[in-house]
Peer 1: 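Have a look at this one before I ask anything.
Atom set for the values below is all heavy atoms of this structure, side chains included, hydrogens, waters and symmetry mates excluded. By convention in this document, chain letters (A, B, ...) are assigned in the order of the sequence lines, proteins followed by strands, and residues within each chain are numbered from 1.
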Amino acid sequence: MQQVITRFPPSPTGYLHIGGARTSLFNWLFARSRRGQFILRIEDTDVERSTEESVKAILDAMEWLELGWDEGPYFQTKRLEVYREYAEKLLKTGHAYWCECSARELEQRRGTALAEGRKPKYDGACRSKALGEGTNRVLRFRSPESGTTVLNDIIKGPIEFENSELDDLVIVKSDGIPTYNFAVVVDDITMGITHVIRGDDHVNNTPRQILIYRALGAKLPEFGHVPMIHGEDRSPLSKRHGATSVMEYKKMGFLPEALLNCLVRLGWSHGDEEIFSREELIEKFSLENVGKSPSIFTMEKLLWLNAHYIKEKRAEELVELLRPFAAAHNYPEKSDAFMAAAIRTLRPRVHTLVEMAEAMRFYMVEEIEFDPEAAAKFLTAEMVPVFSRLISELSALATFDEETLEPVFRNTAQELKVKLGKIAQPVRVALTGGTKSPGLFEIMEVLGKDAVIERLKRARSGRAEER
RNA sequence: GUCCCCAUCGUCUAGCCCGGUCCAGGACAUCGGCCUUUCACGCCGACGACACCGGUUCAAAUCCGGUUGGGGACGCCA
């Protein structure tokens, strides 16, 4: 069987957004799952709006998501001779003709048509003028006036279009640069693309493209149109829906595997399964299980998935990922081992690396700040003797780990005839500054004997001074 | 306006092709409980949907038609 070749063709007019990332993911997964090739192609024929920054931003995002491509990136502006060649071919076979209608005129005619309730399509004014090439002239595709074009979509099934609904689209602009509908077809033909997987906003372009394939005598690829991703108000995802750029999610402390897992489930499913590793996705992905209806992107499940992957990842790896976030807080430098130990205790209670970096504060800074409310409630005068006693007990310890610490506290509580919680909360405040934290003994083990005793003394003297 | 697509819990979805096993399953979120040194994690439970109308049929979430709603396209943008 023929090898599968898919492509992702972003236009470099902005960053890689959530929708594009999912399209890219589907193409990547499909190619990987079928042991095929995945091509990256930059569609920069809109010279006005395309920028190098955008290209870089897109590449960076693809790299972060680890969606590696086998060929490319190709740039359409570097393939102009190829399009010219194919345009010649269409011209020679009578499938294309030159048109001298100005953009201004056309806009006017469109306006009138729309106002009169007609479909605003090109009226074919230059269709039989047999014009030659010339300045300010565009090349148009001669579209059949009757008949039906059928798109057999892998995802949506057969869709019929009346050719009479289609018009003679421009395929080469007056500056000699091909338009999208022409360039994609030429590229997909010459690059041997077997499966075109893209957003369903392209469904209406497809019959035009099919017609061009036919005029060129080329074999059609398979088409699969995936439903769009919308914002919470059901309109297409845009800036006003908050974070839409893939890289913003990196900045917010999400792991790429979480974003990917979240994205793949928007439209695709595999029974009741929710968590998929990259390998599982490659093994299980198929276009047959892609749904037809649009979905809404929310952060709820992404947060849950991210929390899951944070819990699952090796602490040593998290240290690396966390460093930039910790740096943003200007924390003092700590060793990898110390940070890994701290992360292990914080891990079950955060959803993002940003939260992790914040939660880490009491481990990182020398002088913790006390939450006034917590201090007032728990660092009371009656705790002074308790702290004193704990300090002397702890000072005597040779090993300082959870196993040895717990009995010390349990015994102390028992002898003082109070519940463990009664002394645990004040100690927690003394050690962390607040009332919420990982387990007391975990914290103490990570912090170490010296720091613990120092913090207990500080909390105790704070009380003593007040008296 | 014309053409095209879509329609199951708040959200992501399973089921629909091959009607009965579905008074519709899972996950997130929410709420309650358990666990517990706090907060989480974890575990258990609750809430919660087949858009509407009609048809076919012994039987429809599943098939057909229409309505409504949402989305897309109609560029010398991609």
Peer 1: Which one is paired to B:rA73, where only Watson-Crick or G-U wobble pairs with both distances under 3.5 angstrom count?
Peer 2: B:rU2
Peer 1: Please tabulate, one pair per line, all N/O donor-acceptor pairs under 3.5 Å involving side-chain atoms of residues 80-91 of chain A, not counting sequence neighbours.
Peer 2:
residue, atom, partner, partner atom, Å
A:Tyr83, OH, A:Asp187, OD1, 2.9
A:Tyr83, OH, A:Asp187, OD2, 2.9

Peer 1: Report each atom pair, protein N/O against N/O of nucleotides 62-72 of chain B, whose distance is under 3.5 angstrom.
Peer 2:
residue, atom, partner, partner atom, Å
B:rG72, N2, A:Asn204, OD1, 3.3
B:rG72, N2, A:Asn204, ND2, 3.1

Peer 1: Less than 4.5 Å apart, side chain to side chain, heavy atoms only: is that true for A:Tyr249 and A:Ile18?
Peer 2: yes
Peer 1: Centre-to-centre under 6.0 Å for A:Tyr180 and A:His202, is that the case here?
Peer 2: yes
Peer 1: Look at the side chain of A:Arg265 against the base of B:rU13 and say whether a donor-acceptor pair falls under 3.5 Å; ignore hydrogens and angles.
Peer 2: no
Peer 1: Anything under 3.5 Å between a protein N or O and an N or O of nucleotides 49-51 of chain B, put it in a table, one pair a line.
Peer 2:
none

Peer 1: Verify the ring-centre separation between A:Phe30 and A:Phe38: is it less than 6.0 angstrom?
Peer 2: no
Peer 1: Residues in salt bridge (charged side-chain N to carboxylate O under 4.0 Å, His left out) with A:Lys419, at least two apart?
Peer 2: none
Peer 1: B:rC77, OP1 or OP2 - any side-chain N/O from A:Ser11 closer than 4.0 Å?
Peer 2: no
Peer 1: Spell out yes or no: do the side chain of A:Arg349 and the base of B:rC39 have one donor N/O and one acceptor N/O closer than 3.5 Å?
Peer 2: yes
Peer 1: Report, one pair per line, the protein and nucleotides 16-19 of chain B atoms (nitrogen or oxygen only) whose separation is under 3.5 Å.
Peer 2:
none

Peer 1: Using atom names, set out every protein N or O paired with an N or O of nucleotides 21-25 of chain B below 3.5 Å, distance rounded to 0.1 Å.
Peer 2:
residue, atom, partner, partner atom, Å
B:rG25, N2, A:Asp272, OD1, 3.0

